[in-house]
Amino acid sequence: MIKATKIAIRAEKLSFADSNILKNLCGEHDKHLRFLEKLEQVKVKPWGNHLSISGNDEAVLKITLLLKQLYEIMEKGWLIHSSDIDYAHRILTQDIHFDLARIFLDTVFISSKKRTITPKSIAQRHYIDSMRKADMVLSIGPAGTGKTYLAMAMAVSYLLDKKVQRIILTRPAVEAGERLGFLPGDLAEKVNPYLRPLYDALYDMMDMEKAGALINKGFIEVAPLAFMRGRTLNDSFIILDEAQNTTSEQMKMFLTRLGFNSKAVVTGDITQIDLPSEKSSGLIEAEKILKKLDSVRIVHFSQVDVVRHPLVADIISAYDSWDREKKSGKQHEHH
């Protein structure tokens, strides 16, 4: 049990029953508390089985709720890492009243590597719900938001639970203006660079040996989008990745492949289109056409959902600061 006692307007005292859980919550040498102090204008001090939090009202409220909720999640056996503190903080920044347990304790799939895959943001949670409930989902947003990774986790979980008989992973083979014909090697070698990220995500979900066996037996198929033409895909979980690089014709062709007892997840980043300028993106068009259909879910991700090591956020901030200084320096030069 946790008791919260108000000390003053800008301070909060939390008492915790289990000192071991509290120790893990604080992190080695209190590194989690120091991390929180970097994220918000607060001071967090541990003493005995207590934490005192001081700072401005809003920051103190957010950090208090964050620590209380993470402690309760840890009581259920969850281990907390620095990245979890970062995700929790981002989620409560979006919605101060959000129940973090709904995200941290929602397990999508436990892989053969004994790794639990869970949503890391409100949008990721909505995405997982959408994939569970709808037969077709479009997920649109920047790289690093987990669009392909979570779709892959869901597909593998459906295959292992025998809810589908196969997984089909596909991408349009147009990137950065390259065409397959200009690459050296036979078809398998030509196709491979485009499909490598799909293999990488798959091998992260299951042992390479097991994945290889499922590919050889046809339970998992990885192929360029052109290979889908003329097929009807029954009992399948189909993922179309990098869909911003499909043409209108390719997207319509793909969407009409869906057979009985199948799910299709389409992922893409509409800010990274590599199509020739005269071609319009099939993903942008599909979003406009399908948004009125109740049976199709469209999930949008933003920069806030980018799942990255906290150091990456610091690096991006450092580059932003450097760019600002460079611009202001140039402005001074002109005067």
Side-chain angles (χ1 to χ4, degrees), residues 1-18 21-27 30-46 50-108 116-130 141-142 144-146 150 299-314 316-317:
M1 286 296 293
I2 308 159
K3 287 177 275 184
T5 321
K6 258 200 168 172
I7 297 168
I9 295 170
R10 294 176 180 274
E12 198 74 41
K13 176 189 161 190
L14 291 175
S15 301
F16 301 89
D18 190 318
I21 293 178
L22 176 58
K23 194 176 163 188
N24 290 330
L25 179 60
C26 294
D30 299 332
K31 69 172 183 178
H32 294 161
L33 305 184
R34 300 294 79 82
F35 185 46
L36 285 172
E37 290 174 342
K38 278 176 68 182
L39 293 172
E40 291 284 341
Q41 293 293 306
V42 292
K43 283 278 167 217
V44 188
K45 288 181 185 167
H50 315 282
L51 290 175
S52 71
I53 304 140
S54 56
N56 74 57
D57 285 347
E58 200 180 320
V60 169
L61 173 64
K62 191 191 294 181
I63 298 306
T64 301
L65 289 170
L66 184 148
L67 288 165
K68 283 169 71 175
Q69 288 199 62
L70 288 184
Y71 178 86
E72 284 164 4
I73 288 164
M74 291 175 79
E75 280 186 309
K76 295 180 171 74
W78 186 272
L79 280 174
I80 294 293
H81 305 283
S82 296
S83 57
D84 298 316
I85 305 270
D86 187 34
Y87 303 141
H89 175 260
R90 275 199 257 173
I91 290 159
L92 292 184
T93 300
Q94 278 182 277
D95 180 357
I96 193 84
H97 301 295
F98 196 85
D99 177 8
L100 293 175
R102 282 177 54 205
I103 283 190
F104 282 90
L105 301 178
D106 179 13
T107 306
V108 178
T116 308
I117 295 164
T118 57
K120 302 287 190 219
S121 71
I122 296 170
Q124 285 196 357
R125 167 72 198 227
H126 175 48
Y127 182 36
I128 286 164
D129 281 346
S130 297
T145 47
L150 286 174
V299 181
H300 287 274
F301 291 91
S302 67
Q303 282 302 129
V304 118
D305 304 299
V306 174
V307 178
R308 58 193 171 206
H309 191 289
L311 176 60
V312 177
D314 292 343
I316 288 168
S317 298

Whether Glu40 side chain and Val60 backbone form a donor-acceptor pair below 3.5 Å: no
Glu75 side, atom CD; Leu25 side, atom CG - distance, nearest 0.5 Å: 10.5 Å
Spacing of Lys45 atom NZ and Glu37 atom CD [to the nearest 0.5 Å]: 9.0 Å
Flag, side chain of Gln69 to backbone of Leu100, donor-acceptor distance under 3.5 Å: yes
Worked check of side chain to side chain contact (heavy atoms under 4.5 Å, CB included) between Phe98 and Ile103: CA-CA 9 Å; Phe98 196 85; Ile103 283 190; 3.7 Å; yes
Side chains of Ser82 and His32 in contact at under 4.5 Å (non-hydrogen atoms): yes
Residues Asp86, Arg90; criterion side chain to side chain contact (heavy atoms under 4.5 Å, CB included); working and verdict: CA-CA 6 Å; Asp86 187 34; Arg90 275 199 257 173; 3.3 Å; yes
Neighbour count >12 (heavy atoms, 6.0 Å) for atom CD, Glu58: no
Closest non-hydrogen atom pair between Pro46 and Asp30, with its separation: CG-OD2, 3.5 Å
Donor-acceptor contact below 3.5 Å, side chain Arg125 vs main chain Phe104: no
Pairing residues for His81 by the ring-ring contact (aromatic ring centres under 6.0 Å, His included) criterion, not counting sequence neighbours: none
Audit row: Leu51, Cys26, side chain to side chain contact (heavy atoms under 4.5 Å, CB included) steps and yes/no: CA-CA 9 Å; Leu51 290 175; Cys26 294; 4.0 Å; yes
Spacing of CD1 belonging to Ile63 relative to NE2 belonging to His89, to within rounding of 0.5 Å: 5.0 Å
Under 3.5 Å: donor-acceptor pair, side chain of Asp18, backbone of Ile21: yes
Test item: Leu14 and Tyr71 side chains (from C-beta on) under 4.5 Å apart, heavy atoms: no
Sub-4.5 Å side-chain heavy-atom contact between Leu67 and Leu36: yes
Atom pair CG (Leu79) and CG (Asn24), whose distance is rounded to the nearest 0.5 Å: 6.5 Å
Euclidean distance, Asn56 CG relative to Lys62 NZ, rounded to 0.5 Å: 9.0 Å
Verdict with supporting geometry, Asp84 and Trp78, side chain to side chain contact (heavy atoms under 4.5 Å, CB included): CA-CA 11 Å; Asp84 298 316; Trp78 186 272; 3.9 Å; yes
